[in-house]
Amino acid sequence: MPSHDSRPLRERARAPSEVELGSIPWLAVLEPDDQRMARSSIVLAHAGPGEQICRIGRPATYWFGVLEGLLKMSNEPGAGAPVTFTGVPPGAWFGEGTLLKREPYRYNIESLRKSVVAGLPVDAFHDLLARSIPFNRFVLNQLNERLGQFIAARETDRLNNPDARVARNLAALFHPVLYPGVGQLLRITQLELGYLVGLSRQRVNEALQALQERRLIAVEYGGVRVLDLQGLRSYAPPA
DNA sequence: TCATTAAATTGTT
DNA sequence: AACAATTTAATGA
């Protein structure tokens, strides 16, 4: 029972199943030899709510991917007032910047709910980077898309309208390239969304209703379905 | 598989 | 922050 297992995450790693490997987008672009190597290197772990995937200052050992669940990335260690958060939904792969520079992790990543996280060991990551053009292409594209995300996030942070903040944050989480595992239905509670956006659950609920009124999303139990991604990205409050 | 119960989530005050 | 209503997950026959 993983819920009563208090060992560190890396000691609970297990081999991934075929279906789990099938949900990893960059595997398919690799040459057969590289793909074999990657498949046998990848490990999997379950993380419960509040569990840390990686901590600031720890040596970087894996390139991480979210297969199920939801993580949050924070730059504020300790228990002070949370300042900046980024949601990390299914399909996301992260940590390559840290691995590239062979530095310790610069972010805290923790699980918001029961999640399944895959890890590609740092040595395998560098092997692929050294020999596989398709892998480099994937990583480069990922970095480029994420740069766009951060620029958009800066703008979002300046918006003071709660509805707009929720809309833009949702649009970011629905990014089809960075988070292909999300699809049309993002599994996230209104409480979790409140944490990520920095609003109360009540206000998030109000915002979601407003966005639903505009036919941009459909609110479902335990999640949000996207109807108009472009509309979410460019949402502006009514005059 | 179905019915019952507990837990989680939502909508509202 | 508290409450009731709704939906899902868990349990056991």
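Naming: A, B, ... by sequence-line order, numbering from 1 per chain.
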Restricting to salt bridge (Lys or Arg N to Asp or Glu O under 4.0 Å), what partner residues turn up for A:Arg165, sequence neighbours left out? none
If the threshold is 4.0 Å, N to carboxylate O, is there a salt bridge linking A:Arg39 and A:Glu18? yes
Electrostatic pair A:Asp33:A:Arg131 at N-O distance under 4.0 angstrom: no
Expressed in angstrom and rounded to an integer, what is the separation of A:Arg113 atom CZ from B:dT9 atom P? 6 Å
Can a salt bridge be assigned to the pair A:Glu103 and A:Arg106 using a cut-off of 4.0 Å between side-chain N and carboxylate O? yes
Under the rule for side-chain hydrogen bond (donor to acceptor under 3.5 Å, both in side chains), what residues qualify as partners of A:Arg55, not counting sequence neighbours? A:Gln52
Review item, nucleotides 2-5 of chain C N/O atoms under 3.5 Å of protein N/O:
residue	atom	partner	partner atom	Å
C:dA2	N6	A:Arg201	NH2	3.4

Nearest-angstrom distance from the residue atom CG of A:Leu185 to P of B:dT9: 14 Å
Restricting both atoms to N or O, compile the protein contacts to nucleotides 7-10 of chain C shorter than 3.5 Å, with distance only.
residue	atom	partner	partner atom	Å
C:dT7	O2	A:Tyr221	OH	3.1

Listed by chain and number, what are the salt bridge (Lys or Arg N to Asp or Glu O under 4.0 Å) partners of A:Glu145, not counting sequence neighbours? none
Calculate the interatomic distance between A:Arg203 atom CZ and B:dT10 atom P; express it in whole Å. 16 Å
Atom-to-atom span, CD of A:Glu192 to C1' of B:dA8 - whole angstrom: 11 Å
Listed partners of A:Ala172 passing side-chain contact (heavy atoms from CB on, under 4.5 Å), at least two apart: A:Gln149
Considering just the side-chain nitrogens and oxygens of A:Asn205, establish if one lies under 4.0 Å of OP1 or OP2 belonging to B:dT10. no
Check each of A:Phe125, A:Phe94, A:Tyr105 against A:Trp63 using the ring pair (Phe, Tyr, Trp, His ring centres under 6.0 Å) test, and report the only one that passes. A:Phe125
Round to a whole Å and report the spacing from CD of A:Glu206 to C1' of B:dT13. 13 Å
Would you kindly give the CG-to-P distance between A:Leu208 and B:dG11, to the nearest whole Å? 8 Å
